[in-house]
Amino acid sequence: MNITFLGAAKTVTGSCYLIETGDKKFLVDCGMFQGRANEVLLNAEPFPFNPGELDFMLLTHAHIDHSGRIPKLFMDGFKGTIYATKPTVQLCGIMLPDSGHIQEMENEWLNRKRQRAGKSPVEPLYTVKEATDCLSLFKSVPYGEAIGIADGIRVRFNDAGHILGSAIIEIWIRENGKDTKIVFSGDLGNKGIPLLRDPAVIAEADYLVVESTYGNRLHTLKKDKDRLERLISIITETIAKGGNVIIPSFAVGRTQEIIYDLNKYMDVFGDAVNRILNIPVYVDSPLATSATQIFRENLDCFDEEAKQYIANGDNPLDFPALKFTQSPEESKKLNENTESTIIISASGMCEAGRIKHHLKHNLWRKESTILFVGYQAEGTLGRRLLDGASMVKLFGEEISVNARIEAIDGFSGHADKAGLLSWIGSIGKKPKQVFIVHGELEVMNEFAQSITDEFGLKCIIPARGDSYVITAENVYESIPNADVRKRFRRLAVVEMLDTLREEFEELAEILKGDLKQERSDVEIDEVAAKLKLVEKSILEAIK
């Protein structure tokens, strides 16, 4: 079999892997690139294969950096079956159309900008309709059951404990009378995540493709009680000052876990939690509202503790002060409240959606807190805030960052270094080779060394476009696809240079305006930050 790494290779997002056997071709994941200076161009580029020739696809979970380019794959000719767990199928049913809506809105903004620059309009990556149409390809499969997908190919989906429906995928491929087993970790969750089961233990693997998002970091607050104690402390201190707590949260996963934790520890923390639960907690995201309903429909995927709550008649995803908003008008009214509130809103990296409005109304307030509970990719607004930005620009307005900026990494849906190594250590028969994906390059290098030091395993960090032949024997042969790799490198550099030119043009305009208006420091800072990101991406592409 031949595996080609087409995304999440020396970067965190864009998960996509092409596997070719003697007579079959299929993908594992088909995600969007996020947080990169040229993400629009990367997502729009043609696939380096014919989608119409793919036999099927396996999807680890519903997050957009793993599923977001499926509508484009469908538009470009793919008509095979997409296998995923039932909750993943359901979540994609709301997340992909929502992504289509975002594509349409952002494309409308882009075309207005292009029109002012005298450029011709462009089409969105895909529309709501196209994202909805591709859902007909999805087929749900149960956890823990080995299924024959095609002649000589079996797969099994195991709980990854990352979000509802997330999966570790085992793939057995029989060639020349011998089976070769490759395991894709997908995104691995922490042990003890609220609601969800721990990542499944895998008995054996010939080859392993493993994520490395937190491969060089340890979560500081691992125990439920410690994590929640920190959350309660931040909330009560903010409320005492008369401020709001704004939580940029991924609509699927973190939102439901925070709700669960607040409800779970009512008795443990006594008056502190009761005071919090009397404060309105708004989930301001139609997507999160729909996702929460899907959680409620898949109680069989919960861990034993959550099931016990339900058996006792306690809904772990509800409490009296919890409110869900739907319309834009309801969302806007939240910023008119004179009393303190807790607002959980998407997107989790502050790149789009209603969260940007709440940031606009709270970042300048010293009494408010912006609380991050998930990973912030390089280049995103969330990352800039965590890195200490003093000013940001939202909706054309410069906003001073006076609010308290906090992060609780214990809520992360990703296992940390210790968790990842523990999971690899639990594999009974260790793999011959480990491919490290889904991480920032410096993190991958450190994680690869940790795996080698701990288990003596060989590690490869593939670049985008790299291909490898995998056999049942204890041998692999690296065969860089010269045409594909050259195309990726050339395309990446050209795109980066185009982006660089646009940023320089924008910077020049800002400087001209600055000479007249004596302002726009934040705009200069933002463009400078983009230039640094572009420079880094160019260097990576050249390497």
Side-chain angles (χ1 to χ4, degrees), residues 3-15 17 28-29 35-36 60 65 160-162 168 181-191 199 201-202 204-220 222 375-379 383 387 409-410 412-470 474-480 485 533 536-537 539-543:
I3 178 170
T4 304
F5 294 83
L6 300 173
K10 296 188 177 180
T11 189
V12 179
T13 59
S15 179
Y17 317 102
V28 176
D29 289 350
R36 294 175 67 90
T60 60
D65 62 325
H162 173 61
I168 302 160
K181 180 182 178 184
I182 184 168
V183 174
F184 288 82
S185 73
D187 284 357
L188 287 173
N190 283 309
K191 288 185 177 180
V201 173
I202 303 301
E204 59 182 8
D206 294 317
Y207 298 91
L208 173 64
V209 180
V210 63
E211 69 120 324
S212 60
T213 308
Y214 283 102
N216 69 342
R217 289 175 54 183
L218 298 176
H219 296 322
T220 55
K222 291 188 176 182
Y375 180 78
Q376 303 301 303
E378 189 175 15
R383 182 69 162 261
D387 287 344
D409 59 13
S412 172
H414 288 273
D416 63 2
K417 175 183 175 180
L420 291 168
L421 290 175
S422 174
W423 181 77
I424 294 173
S426 71
I427 298 175
K429 180 184 175 183
K430 297 292 187 293
K432 305 177 182 73
Q433 187 75 54
V434 178
F435 297 94
I436 299 177
V437 297
H438 211 289
E440 295 177 5
L441 184 55
E442 56 271 28
V443 175
M444 290 178 164
N445 286 326
E446 291 185 41
F447 186 50
Q449 189 60 54
S450 297
I451 291 174
T452 300
D453 292 344
E454 185 86 11
F455 307 110
L457 300 177
K458 297 178 181 178
C459 296
I460 290 178
I461 303 174
R464 192 163 176 246
D466 279 359
S467 295
Y468 298 87
V469 169
I470 295 177
N474 193 16
V475 176
Y476 72 90
E477 179 186 358
S478 174
I479 51 161
R485 182 70 187 279
L533 190 60
K536 180 178 178 181
S537 297
L539 293 175
E540 288 179 3
I542 291 173
K543 290 177 184 178

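Computed from a predicted model, the values in this text were never measured in an experiment. All values below were derived from every heavy atom in this structure, side-chain atoms included, with hydrogens, water molecules and symmetry-related copies excluded. Residue indices begin at 1 and follow the sequence shown.
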Test your reading of the model: is there a side-chain donor-acceptor pair from [X] to the backbone of [Y], 3.5 Å cut-off?
X      : Y      : result
Ser185 : Ile168 : no
Glu440 : Glu442 : no
Lys430 : Gly425 : yes
Ser422 : Ala418 : no
Asp29  : Thr60  : yes
Asp65  : Gly14  : no
Thr4   : Gly465 : no

How far does [atom1] of [X] sit from [atom2] of [Y], to the nearest 0.5 angstrom?
X      : Y      : atom1 : atom2 : result
Lys458 : Lys432 : NZ    : NZ    : 11.5 Å
Tyr214 : Asn190 : OH    : CG    : 9.0 Å
Ile461 : Asn445 : CD1   : CG    : 4.0 Å
Phe184 : Leu208 : CZ    : CG    : 9.5 Å
Gln449 : Glu454 : CD    : CD    : 12.0 Å
Lys417 : Thr213 : NZ    : OG1   : 15.5 Å

Practice task
For Ala8 and Val437, work out which heavy atoms get closest and say how close.
Solution key: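 Result for this residue pair: O-CB, 3.3 Å.
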Problem - Nearest heavy-atom neighbours spanning Ser212 and Met444 - result: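 So the two residues come closest at OG-CG, 3.4 Å.
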Problem - Salt-bridge contact Lys181-Asp206 (side-chain N to carboxylate O under 4.0 Å) - result: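 Between Asp206 and Lys181 there is no salt bridge, as every charged N stays at least 4.0 Å from the carboxylate O atoms.
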Handout entry: Test side chain to side chain contact (heavy atoms under 4.5 Å, CB included) applied to Ser426 - qualifying residues, sequence neighbours left out
Key =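 Partners of Ser426 by the side chain to side chain contact (heavy atoms under 4.5 Å, CB included) criterion, ordered by chain and then number, come out as Val201, Trp423.
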So do [Y] and [X] actually touch side chain to side chain, heavy atoms under 4.5 Å?
X      : Y      : answer
Ile436 : Ile451 : yes
Cys459 : Thr452 : yes
Leu421 : Ser450 : yes
His414 : His438 : yes

Exercise for the section: Please check if the distance between the ring centroids of Tyr207 and Tyr468 is under 6.0 Å. Expected result: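 No, they do not, as the ring centres are separated by 6.0 Å or more.
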Practice task
Just say parallel, tilted or perpendicular for the rings of Phe5 and Tyr17, cut-offs at 30° and 60°.
Solution key: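 Perpendicular: the ring planes of Phe5 and Tyr17 meet at over 60°.
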